[in-house]
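Please read these numbers as outputs of a predicted model, since none were measured by experiment.
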Amino acid sequence: MTRIAARNYSFRQAEMLRQQGVHPVLARLYAARGLADARELSSELASLITPSGLLHIDAAAGYLADAIAGGKKMVVVADYDCDGATACAVALRGLRALGARIDYIVPNRFEYGYGLTPEIVELAIRETSPDVIITVDNGIASIEGVEEAKRRGIDVVVTDHHLPGDRLPDARVIVNPNQPSCGFPSKNLAGVGVMFYVLLALRAEMRRRGLFDAQTQPKLDSLLDLVALGTVADVVKLDANNRILVAQGLKRMRAGRMQPGIAALFRAAGREARRATPFDLGFALGPRLNAAGRLADMSLGIECLTTDDEGRAWAIAQQLDTINRERRDIEAGMQDTALSLLDAFEPANSTTISVFDESWHQGVIGIVASRLKDKFYRPTITFAPGGDGLIKGSGRSIAGFHLRDALDLVSKQAPSLIQKFGGHAMAAGLTIPAEAFGAFSEAFETVGREWLTEHQLERIVETDGPLEEAYFTPQFIELIDSQVWGQGFAPPVFCDEFRVISQRILKEKHLKLTLEKDGRRFDAIWFGRTDDLPERALVAYRLDANEFNGVTRVQLLVEHAQPA
C-alpha cells in the first residue's frame, strides 16, 4: 500500500528563514527538512566543520607527514564502488601533491571479497612492496588483514565511514567518524569525505612544519568534484556539512573546472556539466563508475579519475558506458527472474524478501535488491552463487529497519548461518552456505516480524503540499535545481488535486497525462506506470523544465497519484 502524506513543518521556523532572506517556498521546504537557521544553508568552504573534531586525525596527519618526509612507499587499498573509487582518486591525487610516493591496488571483488584481507596484504606486497597501507572506504572490519600487515612489518592507516563491529582492527591509526568516542558532529561523511578531511589535516601539519605556507601550499579544493561525486553516489545523508562538499563540487563542475575523467563521464552519459545536479552524479556518473566494479574491475574506474590525459579519460569513459549497458541488460534479466520467483509472493503475509537464483551475477544483486525493495516496500536481500558452496547476498532496507543490526541479530540467534556480514542501516552484504538459504530466510523473516509494524510496511510518499500557481515557472524550477537535494534532504515533491483531461500510454510503459488545475493545463508523465487514473486525482509530483525546440515548458513528473 502506498499513500500520500504532507510533511509537517514549523510555520514559525519557515517565517524566520523567510525573514533571513530565504525565498518563501524554499523557507517552507527547508523548515520541513528540519532546518532552523539560514546559516546552515551556507555552501562556502569556510563553513565546513574543522578536521580537528575527527578522532585521531592529528595522529594520522603527523604519521603521514613523517612517512612522506621519510620517503616511505605507500599503497592505497580501495573499495570497488563509486565512493571507494573517488576516495582512492582523492588519496592518490592529494597525497602526490603533498609529496608522497604512492600507488594503489583495487582488489577484484570476485577473487578477494571486501575489505583489507590477508590475501590482499599479500597482493599488495607482491605488486608494490609498501611500507604503509592506507585503506579508503573500508578497513574498519579488517581485523585479520591488519594483523597480517603488521606481521609483515607494514603500518596500516584506516580511513573509513562504515559502522564498526565489536572489535576494532589494531591499525597504526583509524580515522572514522563512526568509531567509538569520536565526537565529530557529522557522522555522515562518505569514505571520500573522510579521506579529504585527512588530506586537510595533513596539509595543515605540513604547513606547521614550514614545508609551505598558505600561498604556496597545494590546492586541495581541486579534488572537490571527486568528493561530491562519491558523496552523492554513496547515498549518505546530505547534512549541512555534506551539502557544502557537494555544492562546492557541483560549482566546480558547472564552471568547467574538473578532472578530465569527470568531464569525460558527463560526456559519455550525454549530460551537460555546466548544468550539473546531484541527480547527474547519482544516476548518470555514479552508475557508470560502479559498473566497472560490478562486472569487471574497478581499476578501470580509478584510472578514469586519476588520468590527466583527456584522450585516455574519454576512451575509458566510453568503455565504462559500454560496461554499464551490459550491466543494465544483466539486471533486466535478473529482475524478470526475481519477479517470476516472487510470483506467488504475498506482501500481506511477509515482512521481508530473500531470493536466490543459480544464474545470478553477484556484481548486480545489490541493484536488483534495490528495485525489488522499491516495488514491494520490504527489506530485501538477493543472493547469487559465490563459489565453494557459498552464496553471497546484498540487501537494501526501508526506513525504520536497520539492516546491519538485523543481520547481527540473526548471526547471534543462529551462529552457524552467516559466515560474514557488514554494512549499515539501509544496505548490507553477507555470505552464507548455499544450503542455509531456507533457514536464513526464515530467521530474517522472524526479525522482520519482531521489528516491523504494519504501519512501517506502508510506503508513504512524503510531499510538501500544494504549490501556489505563481511558481509553475521555469525560473522557479531553476531556483530549486540550484539547491543541493539528496539523501536525508529530499528533493521537493508537491501535491495538488487535478482534473485528468487526457491520458495515453507512451512506449508501452509510461503514462502521459494532461492535468488541469484552476483552469490551467499541465503536461505530466508518470514513468513506469500504465494503469489509468480516475477523472479527479490527488497527484504527488516533481517539477521539471522540459526544453523542446528552444521553448522551455513546465512538466510535472508524477511520483504517485490516488483518487481525489
Side-chain angles (χ1 to χ4, degrees), residues 1-2 109-110 283 287 290-291 294-295 323-387 389-398 401 403 406-407 410 417-418 421 423 426-449 452 454 456-459 505-511 526-532 559-560:
M1 265 300 287
T2 304
R109 73 194 286 179
F110 308 114
F283 294 93
N290 271 332
R294 288 184 191 286
L295 299 193
I323 297 172
N324 191 47
R325 272 174 227 210
E326 187 192 336
R327 185 270 304 167
R328 273 191 217 148
D329 292 345
I330 293 171
E331 182 200 327
M334 285 167 64
Q335 215 171 315
D336 290 347
T337 309
L339 290 174
S340 61
L341 288 172
L342 293 169
D343 202 24
F345 178 73
E346 265 302 326
N349 303 334
S350 298
T351 60
T352 63
I353 294 173
S354 304
V355 61
F356 163 64
D357 190 84
E358 273 296 337
S359 69
W360 283 352
H361 190 300
Q362 56 167 289
V364 186
I365 47 177
I367 304 183
V368 175
S370 189
R371 302 271 192 265
L372 293 173
K373 181 264 302 179
D374 288 345
K375 183 175 173 61
F376 295 107
Y377 204 65
R378 296 285 183 275
T380 300
I381 303 181
T382 42
F383 289 88
L390 298 172
I391 56 177
K392 293 199 168 174
S394 185
R396 297 295 181 270
S397 196
I398 60 175
F401 187 85
L403 195 51
L407 295 178
V410 171
L417 278 184
I418 303 181
F421 69 94
M426 300 310 271
L430 70 160
T431 303
I432 64 174
E435 70 270 11
F437 173 71
F440 171 80
S441 306
E442 282 175 33
F444 186 53
E445 174 63 23
T446 303
V447 177
R449 286 178 191 275
L452 288 162
E454 212 173 308
Q456 283 170 300
L457 291 168
E458 186 179 46
R459 183 202 311 268
I505 307 291
L506 204 62
K507 295 183 182 166
E508 292 177 23
K509 53 182 179 185
H510 310 305
L511 193 59
W526 190 348
F527 291 113
R529 162 86 178 201
T530 51
D531 301 347
D532 271 5
E559 293 279 314
H560 187 67

Just do the side chain to side chain contact (heavy atoms under 4.5 Å, CB included) check on I432 and F421 with the steps written out, would you?
CA-CA 9 Å; I432 64 174; F421 69 94; over 6 Å; no
Stepwise, does the side chain to side chain contact (heavy atoms under 4.5 Å, CB included) test hold for F401 with T351?
CA-CA 11 Å; F401 187 85; T351 60; over 6 Å; no
What verdict does the side chain to side chain contact (heavy atoms under 4.5 Å, CB included) test give for I381 and I353, after you've listed the backbone C-alpha separation in whole Å, the side-chain angles of each residue and the deciding distance to 0.1 Å?
CA-CA 6 Å; I381 303 181; I353 294 173; over 6 Å; no
Take L452 and I398 through the test side chain to side chain contact (heavy atoms under 4.5 Å, CB included) and record every step on the way to the result.
CA-CA 10 Å; L452 288 162; I398 60 175; 4.2 Å; yes
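Looking at every heavy atom in both residues, A428 comes nearest to L403 through N-CD2, 3.7 Å. Scanning both residues, I323 and L295, for their nearest heavy atoms gives O-CD1, 3.7 Å. For the residue pair D532 and R529, the shortest heavy atom distance occurs at O-NH2, 3.7 Å. Minimum interatomic distance between A369 and T382 (heavy atoms only, all atoms of both residues): CB-OG1, 3.4 Å. Smallest separation of non-hydrogen atoms from A338 and V368: CB-CG1, 4.4 Å. Closest approach of V447 to A406, counting heavy atoms only: CG1-CB, 4.0 Å.
In this structure, P379 and F444 have side chains that are in contact, with non-hydrogen atoms separated by less than 4.5 Å. When side chains are defined from C-beta on, L511 counts as touching I505, because their heavy atoms get closer than 4.5 Å. Inter-residue side-chain proximity for I391 and F440 is flagged as unmet; no heavy-atom pair is nearer than 4.5 Å. Side-chain atoms of L339 and L372, non-hydrogen and from C-beta on, do get closer than 4.5 Å to each other. Under the 4.5 Å side-chain criterion, counting only non-hydrogen atoms from C-beta, V364 is in contact with R327. Under the 4.5 Å side-chain criterion, counting only non-hydrogen atoms from C-beta, S350 is in contact with E445. Here the side chains of W360 and V355 are in contact, with some heavy-atom distance below 4.5 Å.
Checking side-chain atoms of S340 against main-chain N and O of T337 turns up a donor-acceptor pair under 3.5 Å. Side-chain N or O atoms of S370 include none that pairs as donor or acceptor with a backbone N or O of G366 at under 3.5 Å. Of the possible polar contacts, none joining the Q362 side chain to the G386 backbone as a donor-acceptor pair under 3.5 Å is found. Not one N or O on the side chain of H510 forms a donor-acceptor pair closer than 3.5 Å with the backbone of W526.
Separating the CD1 atom in I365 from the CE atom in M334 is a distance of 6.5 Å, to the nearest 0.5 Å. One finds the CZ atom of F383 at 9.0 Å from the OG1 atom of T431 (value rounded to the nearest 0.5 Å). A distance of 10.0 Å separates CG of N324 from CG of D329, quoted to the nearest 0.5 Å.
Remark: R328 engages no residue in a salt bridge (charged side-chain N to carboxylate O under 4.0 Å, His left out) (not counting sequence neighbours). Take R294 and apply the side-chain hydrogen bond (donor to acceptor under 3.5 Å, both in side chains) test, not counting sequence neighbours, and it matches no residue. Take Q335 and apply the side-chain hydrogen bond (donor to acceptor under 3.5 Å, both in side chains) test, not counting sequence neighbours, and it matches no residue. For E326, there are no salt bridge (charged side-chain N to carboxylate O under 4.0 Å, His left out) partners, not counting sequence neighbours.
Sequence neighbours left out, the pairs with a member in residues 369-382 that pass salt bridge (Lys or Arg N to Asp or Glu O under 4.0 Å) are E331-R371. Residue pairs that meet the salt bridge (Lys or Arg N to Asp or Glu O under 4.0 Å) test with at least one member in residues 338-365, sequence neighbours left out, do not exist here.
Relative ring orientation between F437 and F356 is described as tilted, the plane-to-plane angle lying within the 30° to 60° band.
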